[in-house]
Each structure stands twice: as structure tokens, then as C-alpha cells.
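Let me begin by presenting the structure, written as C-alpha cells, before commenting on it.
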Amino acid sequence: MNITVYNTLTRAKESFVPLDPQRVTMYVCGPTVYNYAHIGNARPPVIFDLWRRVLQTRYDQVVYVSNITDVDDKINAAAAAQGVPISDITRRFTDIYIEDMAALGVQPPDVRPRATEHIPEIISMIKALIDSGHAYEAEQHVLFDVSAYPDYGQLSRRDRREMIAGARVEVAPYKRQPEDFVLWKPSSGDLPGWDSPWGYGRPGWHIECSAMAAKHLGEVIDIHGGGSDLVFPHHENELAQSCCVHQQDRFARYWLHNGFVQMESRKMSKSLGNVLTVHELLQQHPGEVLRYVLLSAHYHQPLDWSEAAVTQAHKTLDRLYAIARDHLQPVAAAASVPDAVLSALYDDLNTPKALAAFNQLCRDLAAAKDTAEKQGLSADIRAAGALLGLLQEAPEAWFGRQKQALDADAIDALIAARDAARQQRDFARADAIRAELDAMNVIIEDSADGTKWRVRQGTAES
RNA sequence: GGCUAGGUGGCAGAGUGGUUAUGCAGCGGCCUGCAAAGCCGUGUACCUCGGUUCGACUCCGGGCCUAGCCUCCA
């Protein structure tokens, strides 16, 4: 089975073939740590984490690098605004980011490089760009000379003249052309800085990713991922720098970009102020619910975030966990992921299709008659769940969490009273108690092995 | 203005040149003391106008609408 990917560079779905069949390399742009990550920021980590897991089913070695950008003017501004040292900001939000992503089921990357730990690599890369005639120094800045790279604009399919015509390119007096971008800029006062051949300063926005990708993965990498707003200018500039420094015609062989999470059909972004942070969402919903929502649309497509979407995902997962609770068998050996799920994911990570197949497997399990069939489906479901990062909790823990907010002893007492009434065939009283529980958003289910209860989704909050 | 994606049933969201997506909600049935859960069944779905075709929601062209990038942004 082939893995296909939609490559932004070629605007086509291509068969994925790694440069080195033994070692797949992927780099995903990580966060600039100055604030809480919102749910839109979480989409790339979740999507590319899944990409990595899918690639691992096929390739023995997948090296996944995702950085932390811990030097940036927004960080400086946040530190100044809060009156704390810059390192307080970066350390704090790096920790929060890592915790929040873990709660969404994102596995840590193999390498999580920090920009500030790669200043020597950045400086030597800039030096090489100057030496090769692709960059120039001007007023303590170093700028990339876009005119020295004829292929500039290939990723975003942008014509340089049109960009200038757009008239929104920052024009600084020290630039030779308006589209030239900063590799190094001067620092003073409290701003973070390092000594360099061009004076005390700090790196520009794009260079750190080029330097870290080269150091940890090599000059040409297989996959480079990120949100679609990074196509231009960030990835275009990374591509230009990296190709010029390494004298390669490719930097990443496959460029993958995810669409945005939207709020009421508008992009969720800090500047628009319509954000929902992962941190606050995790107070209200299990991480798997948020993960399910993020996987419910294809990663290229925009994903409209809403309470209704979260509720639906929660209900769906409740049903799957109930099936797991009642039917899922222990499995001795790890099975392979069933074809219906894997082939969907191999097809440019078609997560909605994979989830449909996963749901089908669970329904089949619930309907399965004999033990052999149940065991086979259980093995399939466990393997698929492990790949998708779903159904990873014990059902008791899953339902237990929802019950925490309620007084379990009181509910158990009511259920016992109802069972007693039913024994005496006093159904009026039994139904009255059930109505009382229902008013508490508690739904009960009578079964052969006693009465179970759970919390109704989607009505309690908001 | 330039460049990109999209417009599918009540909602979310895949997909396909002629045959069931899936989920949530609804409806009918089985089951149940009654429910719930589960199971079975169920819905004149593919923005619009042309074209290609034996046949188009699916391909091509025009139009309308939406979102994104061109400025920090996942």
C-alpha cells in the first residue's frame, strides 16, 4: 500500500517516497512561546503527530523534529508588559505547551530544539549566505537578497512584482528590495542578544528553522509541515535560505500544510481575539474529545470549532467507550492496524474516513456473536485506537471522570432505592426516582449485571 | 488587485462518472414493567448556468457565495 501526500510545492497529491528508505525525516514548525496555545495552534501538532505514527507503520525510523521558538519580539513584548524576565515567559509557556499537547495525545518529538540553543548554527548559516552572495549586511542588519535566488516564490507561487504591487511589504531603508527579509538584527538594552560578526544582535524569524532542521535532520528533509499561513512568508523564506546555503534545489521534498480552525467561519487567531485556549478547553473536556474533533475533518480543510462539534465528539466517544466497556476483549499480542483504517490514513491522512472505519469496527464488535469474532475485532480496534490516539483510557476511567463532578454516593443510593422499588414492582416510585436522576443529567441503564449510570453530554454546560 | 482552498442530506463531514460513507440529531420496529443502551430499518443530499458523455454530485467552462494568504499568526 502506498502512502500519498498532497504536496504544497507541486500542488498535487504524490506518492510518498523518502530520500533514504531507512530513515524518514520530518520537521514541523513549533510554537513561539509567549502565550497559551489556542486550539488552532494545536492542529499541526495533532495532525503531524498522527502523520508520524502513520509513517512509523511503514518505516522503521522516522525522525520527527519540532522546535520551540524562544527568541522573538512578541516574547520580548510579553516580558516587558508583565515586567518579568524573558526567560520566565519562555520557560513557563514552553512547559504549558508541552503539557497541553500531551493531554491531546501528542507524543513528544524525537528532538525539540530551542532557537536560543542554536545561535552558533544560525550565525554560521548567515555567514555562509553572505559568502555565497545571497545575503548582505546593512546598518547592523543582515538581509537575505531575494534577487539572488531566482526561484524565490516557488512554494507560495508568488510573483515578486505582484508582491510589491500588493504594497504591503515592509519597506525599510536598509533593504535593497522590499521583499528582502531579515536574517539578523541588532539588539540593545534589555533585548536578548548574542555577539556576531555584525554586532550584538538576534536572529530574524525564519532562519532558526532552517538552522535547526539542517542540524538535526540534514540538508534535504522529507517532510516539512505547518499551518497554511506559514506558506508565505515563513516557509518560502526557509526554503530560500536553506537551498542557497546547501546548494540544493530542494529543502523539503514534501511540504504539508494544514487548514485553520475557525470560529464562526473566521480564522481563530490571537489578533482577532476569537481564541479558545487548549488550556481552558482541557478544563471542560477530556483531551481525547478535543483530539477527536481535530481529526474529524480532513487536515487541509478548515475546521469550524463549536460547542456543538465538541458535544458531538464527546457523545460519539461515550458510545465507543461504552462498547469498549461491554465488549472489548483483552488481546495477547499486538495486532496490525486493520486495512480499512490504515488505507484511509495512507491516502493523504484521510482522518474522517479512518474514523468512519473505526466506528464501523466498533459497531461490528458490539454486534459480534461469537468469541472468536469478538477477539479479532478487539485486536483490530486496539491497534487502530493506538494509532489514532483514541480509546486510550480504561472505560472505567473515562466514565469515572465525568462522574467526579457529581455525588456518586447519593446517586448510588438513589439507584439502590429504585432497584428496591422495582423488586417490589412499585414502578411508579421507580420511575419517579429515574426522573429525579434524569434531572441531575444522570442516565441509567439496566443490564444483566446491574444498573449502570453515566452523565448526559451536551446539556450540562453552556 | 494577485494567488489558494471550498460550496454534499437537519447539522458535522468523507467520497465516487452509473451501486450503503460515517457521526450527532429525528422517525419506525425489536428488546424493556417503562426507559436507557444495543440491534434492525428509515430520509426525493450533492450552490447555479452551460458543455462533454449512453449517463455527472463526480470531468470542462462561466457565474454566484464563503474562507485563507499577500502584515505577526498554526
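Order of the sequence lines fixes the chain letters, A, B, ..., with proteins taken first and strands second; residue numbering starts at 1 for each chain. Atoms considered below: every heavy atom in the structure, side chains included; atoms not considered: hydrogens, waters and symmetry mates.
Using modelled atom types and a 3.5 Å distance limit, the side chains of Gln262(A) and Ser265(A) yield no donor-acceptor pair. Thr451(A) and Glu445(A) form no side-chain donor-acceptor contact under 3.5 Å, judged by distance and modelled atom types alone. A donor and an acceptor atom, one from each side chain of His38(A) and His279(A), are nowhere located under 3.5 Å apart. For the 3.5 Å distance criterion, the side chains of Asn441(A) and Arg456(A) qualify, holding a donor opposite an acceptor. Between the side chains of Ser15(A) and Thr4(A), no donor-acceptor pair of N or O atoms lies under 3.5 Å.
Mapping Ala357(A) and Phe427(A) onto RNA chain B via the closest heavy atom, the residue that lands nearer the 5' end is Ala357(A). In this structure, Ser271(A) and Ala366(A) both approach RNA chain B, and ranking their closest nucleotides by distance from the 5' end singles out Ala366(A).
Residue contacts shown for Lys267(A) include a base, since a base heavy atom lies under 4.0 Å away. Looking at heavy-atom distances under 4.0 Å, Arg325(A) makes no contact with the nucleic acid at all. Arg422(A) comes within contact range of at least one nucleobase, with a heavy-atom separation under 4.0 Å. Within the 4.0 angstrom heavy-atom criterion, only backbone atoms of the sugar-phosphate kind lie near Ile443(A); the bases stay farther away. Note on Asp446(A): a base of the nucleic acid sits closer than 4.0 angstrom, heavy atoms only. At a threshold of 4.0 angstrom between heavy atoms, the contacts of Val28(A) with the nucleic acid are absent. When heavy atoms are screened at a 4.0 angstrom cut-off, Tyr34(A) is found touching no nucleic acid atom at all. Residue Gly259(A) is in base contact, counting any heavy-atom pair closer than 4.0 Å across all strands shown.
G18(B) and G26(B) have their P atoms separated by 33 Å, given to the nearest Å. A21(B) and G15(B): their C1' atoms are spaced 7 Å apart (whole Å). Here, A36(B) and A25(B) have their P atoms 12 Å apart, quoted to the whole Å. The same atom, P, is picked in U8(B) and in A14(B); the two are 11 Å apart, to the nearest Å. Taking the C1' atom of each, C57(B) and U71(B) are spaced 39 Å apart, rounded to whole Å. U19(B) and A37(B) have their C1' atoms separated by 33 Å, with the value rounded to a whole Å. With C1' as the reference atom, G51(B) and G13(B) are 30 Å apart, rounded to whole Å. Using atom P as the reference point in both G23(B) and C64(B), the two lie 39 Å apart (nearest Å).
With respect to the salt-bridge test (charged N to carboxylate O, under 4.0 angstrom), the residues Lys452(A) and Asp326(A) qualify. The pair Arg422(A)-Asp446(A) counts as a salt bridge, with a side-chain nitrogen and a carboxylate oxygen less than 4.0 angstrom apart.
Taking the centre of each ring, Phe93(A) and Tyr34(A) stay at or above the 6.0 Å mark.
Within a heavy-atom distance below 4.0 Å of RNA chain B, the residues of residues 222-230 of chain A found are Gly226(A), Gly227(A), Asp229(A), Leu230(A).
Closest to the side chain of Arg158(A), from the set A37(B), C69(B), C34(B), is C69(B).
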Taking only nitrogen or oxygen atoms into account, show me every contact under 3.5 Å that the protein makes with nucleotides 23-28 of chain B, one pair per line with its distance.
{"unit_1": "G23(B)", "atom_1": "OP1", "unit_2": "Arg363(A)", "atom_2": "NE", "d": "3.2"}
{"unit_1": "G23(B)", "atom_1": "O3'", "unit_2": "Thr316(A)", "atom_2": "OG1", "d": "3.4"}
{"unit_1": "G23(B)", "atom_1": "O3'", "unit_2": "Arg319(A)", "atom_2": "NH1", "d": "3.3"}
{"unit_1": "G23(B)", "atom_1": "O2'", "unit_2": "Gln312(A)", "atom_2": "NE2", "d": "3.4"}
{"unit_1": "G23(B)", "atom_1": "O2'", "unit_2": "Thr316(A)", "atom_2": "OG1", "d": "2.5"}
{"unit_1": "G23(B)", "atom_1": "N2", "unit_2": "Gln312(A)", "atom_2": "OE1", "d": "2.8"}
{"unit_1": "G23(B)", "atom_1": "N2", "unit_2": "Gln312(A)", "atom_2": "NE2", "d": "3.3"}
{"unit_1": "G23(B)", "atom_1": "N3", "unit_2": "Gln312(A)", "atom_2": "NE2", "d": "2.9"}
{"unit_1": "C24(B)", "atom_1": "OP1", "unit_2": "Arg319(A)", "atom_2": "NH1", "d": "2.7"}

Shorter than 3.5 Å, N or O on both sides, protein versus nucleotides 13-16 of chain B: list them out with atom names.
{"unit_1": "A14(B)", "atom_1": "OP1", "unit_2": "His298(A)", "atom_2": "N", "d": "2.6"}
{"unit_1": "A14(B)", "atom_1": "O3'", "unit_2": "Asn350(A)", "atom_2": "ND2", "d": "3.1"}
{"unit_1": "G15(B)", "atom_1": "OP1", "unit_2": "Asn350(A)", "atom_2": "ND2", "d": "3.1"}

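Residue Arg456(A) places none of its side-chain N or O atoms closer than 4.0 Å to OP1 or OP2 of A36(B).
Between Phe16(A) and Tyr254(A), the ring-plane angle classifies as tilted under the 30° and 60° cut-offs.
A 4.5 Å side-chain heavy-atom check between Gln154(A) and Leu9(A) finds at least one atom pair inside the cut-off.
Relative to the six-membered ring of Phe260(A), Lys267(A) meets both conditions, a distance below 6.0 Å and an angle of at most 45° to the axis.
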query = Should His224(A) and His257(A) be marked as a ring-ring contact (aromatic ring centres under 6.0 Å, His included) after you check the CA-CA gap, both sets of side-chain angles, and the distance that decides it?
reply = CA-CA 8 Å; His224(A) 194 128; His257(A) 294 97; 7.7 Å; no

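Here the side chain of Asp438(A) pairs no donor or acceptor atom with the backbone of Arg434(A) at under 3.5 angstrom.
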